[in-house]
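Single-structure report; data block below.
Positions are given from 1, in the same order as the sequence printed here.
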Amino acid sequence: ELLSSNVTLTVAADLSGEHWMNATGVLQGEATLSRGTNRFPDTTFRLTGVGLNIQEVEMDQLDLQGELDWPALRIHSAHVQFKDGAVADASLQFNAITHQVSEGKLRLDGSIGHKFLPPEISYKHISLTGEFFGTLEKLSHNGHVELQGAKFPGMAPLGMVADWRGRWLDLENIQGN
């Protein structure tokens, strides 16, 4: 039980000192714990990161805001500015007991991940919006993607547009032009 009605915790971490994952950069954050209606405190939090490189995904800036009212975790805003110029925004709700995700939303815009592609494949710009929901083991997803300036061996650059619906790694429906 909290002795005061509110407690604020400040955290800072240099990820280069972590041995359990391949990461560098600095994270800083703050969490405010308040007396809740159950045995766990209600928590609001904000986490920011600069110069992050996690598993070779480079980010200039990360800003994450949310709250935890056990067992409900709400990520109100997750904003990432990637080093290669792309921007991603996401939000979701997660029930930690049932492992159920709801109201998951993702938006990605820009150019990202070229170093993970074979040298003969590239693109100029991607715009992606999607939604996701369900249990972690059977996460359902749907969305829309537009790819500009896609280059494949032996083909002129082209644009691609597609809508999809799927579950986990399986695509149940994809339509494009």
Could you report the tightest heavy-atom contact between [X] and [Y], atom names first, then the distance?
X      : Y      : value
Asp42  : Arg35  : OD2-O, 4.1 Å
Leu33  : Pro41  : CD2-CG, 3.7 Å
Ala88  : Leu108 : CB-CD1, 4.0 Å
Ala78  : Leu64  : CB-CD1, 3.6 Å
Leu106 : Ala90  : CD1-CB, 4.2 Å
Ile54  : Met59  : CD1-CE, 3.8 Å

Straight-line distance of [X] [atom1] to [Y] [atom2], nearest 0.5 Å:
X      : Y      : atom1 : atom2 : result
Lys83  : Leu52  : NZ    : CG    : 11.0 Å
Arg74  : Ser102 : CZ    : OG    : 9.0 Å
Thr10  : Gln28  : OG1   : CD    : 9.5 Å
Thr24  : Asp14  : OG1   : CG    : 8.5 Å
Ser77  : Arg46  : OG    : CZ    : 8.5 Å
Gln100 : Lys138 : CD    : NZ    : 11.5 Å

Subject >> Residues Ser34, Asn6; criterion side chain to side chain donor-acceptor pair (under 3.5 Å); working and verdict >> reply: CA-CA 5 Å; Ser34 305; Asn6 290 313; 2.6 Å; yes
Could you state whether [X] and [Y] fall into the same hydrophobic cluster, counting links through intermediate Ile, Leu, Val, Met, Phe, Trp or Tyr residues with side-chain heavy atoms under 4.5 angstrom apart?
X      : Y      : value
Phe82  : Val50  : no
Leu147 : Ile174 : yes
Ile75  : Ile97  : yes
Leu15  : Val26  : no
Val87  : Val145 : no

**OP:** Show your working on side chain to side chain contact (heavy atoms under 4.5 Å, CB included) between Thr44 and Glu30 and close with a plain yes or no.
**Re:** CA-CA 8 Å; Thr44 59; Glu30 188 172 275; over 6 Å; no
Original post:
When you look at NZ of Lys115, are more than 12 heavy atoms from neighbouring residues, nucleotides or ligands closer to it than 6.0 Å?
Top reply: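 Atom NZ in Lys115 is crowded, with more than 12 foreign heavy atoms closer than 6.0 Å.
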**OP:** Decide salt bridge (charged side-chain N to carboxylate O under 4.0 Å, His left out) for Lys105 and Asp89; before the verdict, give the C-alpha distance in whole Å, the side-chain angles of both, and the deciding distance to 0.1 Å.
**Re:** CA-CA 8 Å; Lys105 296 182 184 343; Asp89 291 290; over 6 Å; no
**OP:** Before giving the answer on side chain to side chain contact (heavy atoms under 4.5 Å, CB included), spell out for Leu136 and Val101 the whole-Å C-alpha distance, their side-chain angles and the decisive distance to 0.1 Å.
**Re:** CA-CA 7 Å; Leu136 290 178; Val101 174; 3.8 Å; yes
**OP:** Hey, can you tell me if Phe94 and His99 have their rings parallel, tilted or perpendicular (30° and 60° cut-offs)?
**Re:** parallel
Is the side chain of [X] donor-acceptor paired with the backbone N or O of [Y] at a distance under 3.5 Å, no angle test?
X     : Y     : answer
Gln55 : Asn22 : yes
Asn38 : Trp70 : yes
Asn95 : Thr98 : yes

Subject >> Asp84 and Ser111 side chains, donor-acceptor separation under 3.5 Å >> reply: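 No, because no side-chain N or O of Ser111 sits under 3.5 Å from a partner of the opposite role on Asp84.
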Original post:
Does the pair His76 and Glu67 meet the rule for a side chain to side chain contact (heavy atoms under 4.5 Å, CB included), with working shown?
Top reply: CA-CA 8 Å; His76 297 296; Glu67 61 186 78; 2.7 Å; yes
Subject >> Evaluation steps, side chain to side chain contact (heavy atoms under 4.5 Å, CB included), between Val7 and Thr32 >> reply: CA-CA 6 Å; Val7 174; Thr32 301; over 6 Å; no
Sequence neighbours excluded and cut-off under 3.5 Å, please list the side-chain donor-acceptor pairs for residues 116-133, or say none.
unit_1: Tyr123; atom_1: OH; unit_2: Ile112; atom_2: N; d: 2.7
unit_1: Tyr123; atom_1: OH; unit_2: Ile112; atom_2: O; d: 2.4
unit_1: His125; atom_1: NE2; unit_2: Asp109; atom_2: OD1; d: 3.1
unit_1: His125; atom_1: NE2; unit_2: Ser127; atom_2: OG; d: 3.4
unit_1: Ser127; atom_1: OG; unit_2: Asp109; atom_2: OD1; d: 2.7

Original post:
Would you say Leu73 and Phe45 make side-chain contact, with heavy atoms under 4.5 Å?
Top reply: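 Side-chain contact under 4.5 Å: yes.
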Ignoring hydrogens and angles, write down the donor-acceptor pairs under 3.5 Å from the side chains of residues 152-165, residues two or more places apart or on other chains.
unit_1: Asp163; atom_1: OD1; unit_2: His144; atom_2: ND1; d: 2.5
unit_1: Trp164; atom_1: NE1; unit_2: His141; atom_2: ND1; d: 2.8

